[in-house]
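Below: the structure, in structure tokens.
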Amino acid sequence: MSAPRVKLRTHLIQLVAFTTLLCVSSVLLASYHRARAEQIRRVEQLAEHTAEDLAQALEYPLSIGAWNEVSDRVAATEGIADLQYVVIENGLRQPRIWRVAPDCSEACALTGQGCPPGFSGLARIGAAPALDPAGDDEVAAAELGWVRVSLGLRSADEELRANTIELVLLGTLTGLSVIIVAFLLARRVTRPLDDLRRAARAVTAGDRSVRVCAEGTEETAALAEAFNVMAASLDQATEKVRRATLQTVEAEAGRAAAVEMSRLKSEFLANMSHEIRTPMNAVTGMASLLASSNLPPEEREWAATIASSAQALVSVVNEILDFSKLEAGRMDLERSPLELVEVIDQALELSAESAEQKGLELVSLPAPDLPRWIYGDATRIRQVVINLVSNAIKFTSAGEVVVRTFVAEGRVKIQVADTGIGIPAEAFERIFEAFRQVDGSTTRRYGGTGLGLTISQKLVQRMNGTISVQSEFGVGTQFEVDLPLEVAEGPVPPPLAMGKTSWLVVAHAARRQALSQRLVALGFTVVAVPEVESLPVGPGPDLLVIERGQVPRLVDPSSAARIWILSPQRESGRPAGFGAEVEVLPFNQRASRWYDRLARSTLERSSPSPPSAAPAVGAPRILVVDDNNVNQLVARSMLSRMGLACDLVNNGREALDALLLRDYDCVLMDCQMPEMDGYAATRAHRAREQGRRTPILAMTAHAMAGDREKCLEAGMDDYLTKPITMEQLRSALARYLPAPGMDGLQAVVNAGESDRLRQG
């Protein structure tokens, strides 16, 4: 229970009354003590003066023995107030009482004890000075006796009592006056506060029109003005809250519609992705099959154009899907060991053809102290590098695109620098905005969706990193990706060429530096020169690495034990006049492939086996489950080219029947089909499956967030998104078909030929 509250007015009056009482009491007490001390001092002085005067008056009568006169002189003291006694002592200090007051006794006069409070005065009675008989000098007067006079305090006490009563009455009147004045002042101070209290209660009750008058002291007037401002603000705020409540109700009513619209948009995006990928799978598949067939050069070029255009369209679709996943926060990142240099080499390998078409030098320069293995998401790091490199190639017409990778301040730095057109300073703020480009006019020279840099920035931020840009218009641009460094453990293959020498002939300085580092990592002692004429004279090296443009100037090709010719991808044929110890390598072939070449017992160029026209006896058999006839044709053609047998069914129900009749080595399962989809078919097969587990690979056009997890949860073993290339299909099958007849596929995977599948 809270303590009872007291009004401010009562507090003020109590405070003033207590202060007044304290002051008056202090003044009265001080006045009383001062008056008492003054009276005591006055009585002491009167007793001393009376004794001295009486001693002088008695000096002569006592010297002649006139005792009657002594009595008269003592009797003359009767007029002195409060005289208690007079005692005269002779020279021998023998007292004689000459007068005693009625309220005093002789014993009191003789001993000084038992008398009422008083003060005594003592004076010596001396004779007149006499002449010395032997001369004229005066001699000391003889002592005749002493006079002791005692005065009481009765009159002084009565006077003090009367003065004290007057002071008390005066103090009481003063205190009452002060209390009355305090009451009036307190009422003047608290009355505006009472008005404020009543106004506050009225506002609390809902009457926000109440205002108070700004009167009283300056402080209370200011408080009243502040209250009026507060009441006005509260009135406005209440009105805003009312309006906001109405808006919230309206927004809540529209939120359900917005959620439903968002669901419909997501469903539409998924359906559109599926509908686009399904025909694109046929386009890319058939184009790759045509390009690998025995077509005339012109028709092969047409097929290659179809394939590259289809891949460009797939890239646009993938960018839109990735952007939607990032915006929805539904893109999950992996954390696993990865070879950073290998990931960057893969990105450059995919972008090499675009750079070669424009005559650009595309070079990767990893720092020598860069850790081989780190933790991260290889797919997303590769995607960021591809976006930045593709962007650099797009806006660079001549020169180079260099990717530098190093460690600084405990973090991984990936720099992509070009010698392109640069970025104007006013465009820096919008280059990472979605759907925005430096040149957004209808006459712009460079295409694209405007999502590449936005997706790269969001991916880097999801990996707890940053991405920045530096550029000089007309000179070039450099993007820098800064990622956390967490070193991982992984296999480190031993150098294969310890004690061997290699000559490197490459004109471009950055490429020469990068390839020299690669050869040193393989164990070679390297001599790197920009042209053939600068090669040393003497015994040839164990390995000569030379770019194709330098080959015609090579005087003695047989001087080297082995020769690797660096060439653009479109010029992969071996020059005439060389033996079997010559291999042609693309400029941007990744380092792992160089290592794989040295890992073989010979450097002879291996010719690929001709495609099988029909499956070999005992070849693995694949069940293709797809309701689209074109997709069935593409899958059958690819599998036939790989030397694999296949059966075709149209939906999940037919797939279950086929799996009952035959043990297939692998199943390529579409997800969206009539009668029974791929998820239900996979669950039904896993529920009844006994013995060996049949690998089931989703091969679907669903590429939205969560589709991969949905396939794995249904019991599938892997996830491939359409459109799919022959290399992707070969890589996936090689992981699940290590059986006789798949040696070629497995060798491809072991040699590092496959890229990681795109994760949804």
Side-chain angles (χ1 to χ4, degrees), residues 318-319 321-323 325-326 329-351 364-392 402-417 432 451-469 478-493 514 517-518 521 588 590-593 595 705-706 708-709 712 718-719 721 731 735 749 752 754-760:
N318 289 339
E319 282 187 351
L321 292 178
D322 286 339
F323 180 75
K325 293 174 187 176
L326 289 168
R330 298 175 63 183
M331 179 173 286
D332 297 326
L333 300 179
E334 292 183 355
R335 181 184 177 275
S336 58
L338 60 92
E339 287 187 274
L340 184 58
V341 174
E342 178 73 6
V343 170
I344 294 176
D345 282 353
Q346 291 172 1
L348 267 61
E349 195 173 47
L350 295 173
S351 305
S364 173
L365 280 177
D369 60 345
L370 185 70
R372 186 181 184 95
W373 292 88
I374 66 172
Y375 283 104
D377 190 324
T379 301
R380 297 310 174 187
I381 293 177
R382 181 168 56 247
Q383 182 178 355
V384 170
V385 176
I386 290 175
N387 284 345
L388 296 181
V389 170
S390 300
N391 192 71
V402 180
V403 181
R404 294 179 175 84
T405 312
F406 56 94
V407 174
E409 300 177 355
R411 296 178 69 84
V412 175
K413 310 279 187 176
I414 303 175
Q415 293 179 347
V416 179
F432 290 108
L451 291 176
L453 292 179
T454 303
I455 292 173
S456 299
Q457 183 188 52
K458 291 182 178 295
L459 285 175
V460 170
Q461 291 174 348
R462 288 291 303 274
M463 291 185 282
N464 297 322
T466 58
I467 183 171
S468 58
V469 60
Q478 174 178 289
F479 285 89
E480 180 178 282
V481 176
D482 182 297
L483 296 174
L485 173 62
E486 188 175 358
V487 180
E489 297 291 335
V492 180
Q517 291 178 359
R518 181 176 294 184
N588 288 99
R590 54 185 183 262
S592 62
R593 297 190 178 184
Y595 187 90
R708 180 176 184 272
E709 292 72 14
L712 298 179
D718 213 330
Y719 172 82
T721 57
S731 300
R735 286 197 295 271
V749 176
S754 64
D755 293 330
R756 292 186 64 183
L757 297 180
R758 183 178 183 275
Q759 304 296 321

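Only this structure's heavy atoms are used, side chains among them; waters, hydrogens and symmetry mates stay out.
A heavy-atom distance below 4.5 Å is found between the side chains of I414 and V403. Within the 4.5 Å cutoff, no side-chain heavy atoms of V407 are placed close to those of R411. Side-chain atoms of V481 and V384, non-hydrogen and from C-beta on, do get closer than 4.5 Å to each other. With contacts defined as side-chain heavy-atom distances shorter than 4.5 Å, the pair E489/P337 does not qualify. A 4.5 Å side-chain heavy-atom check between L370 and V341 finds at least one atom pair inside the cut-off. A heavy-atom distance below 4.5 Å is found between the side chains of F406 and Q415. With contacts defined as side-chain heavy-atom distances shorter than 4.5 Å, the pair L340/P371 does not qualify. For the pair M463 and I381, the minimum side-chain heavy-atom distance is below 4.5 Å.
The CG atom of L483 lies 9.5 Å from the CG atom of N464; values are rounded to the nearest 0.5 Å. Here L338 contributes atom CG and T379 contributes atom OG1; the two are 9.5 Å apart, rounded to the nearest 0.5 Å. Atoms CD1 and OG1, from I344 and T405 in turn, are 3.0 Å apart once rounded to the nearest 0.5 Å. The CD atom of E339 lies 9.0 Å from the CD atom of Q346; values are rounded to the nearest 0.5 Å. With rounding to the nearest 0.5 Å, the separation of CZ in R380 from OG in S456 is 11.0 Å. In this structure, K413 NZ and L485 CG are separated by 11.0 Å, a value rounded to the nearest 0.5 Å.
Between R335 and D377 there is no salt bridge, since no side-chain nitrogen of the basic residue lies less than 4.0 Å from a carboxylate oxygen of the acidic one.
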Between D718 and R708, does a salt bridge (charged side-chain N to carboxylate O under 4.0 Å, His left out) hold up when you go through it step by step?
-> CA-CA 8 Å; D718 213 330; R708 180 176 184 272; 5.3 Å; no
Begin with the C-alpha distance, continue with both residues' side-chain angles, and end with the deciding distance and a verdict on side chain to side chain contact (heavy atoms under 4.5 Å, CB included) for D345 and S364.
-> CA-CA 7 Å; D345 282 353; S364 173; 3.9 Å; yes
Test side chain to side chain contact (heavy atoms under 4.5 Å, CB included) on I467 and L388 and set out the steps.
-> CA-CA 11 Å; I467 183 171; L388 296 181; 4.1 Å; yes
Run the numbers on V343 and V385 for side chain to side chain contact (heavy atoms under 4.5 Å, CB included), then give the verdict.
-> CA-CA 9 Å; V343 170; V385 176; 5.9 Å; no
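Between Y375 and V487 the shortest heavy-atom distance is CE1-O, 3.7 Å.
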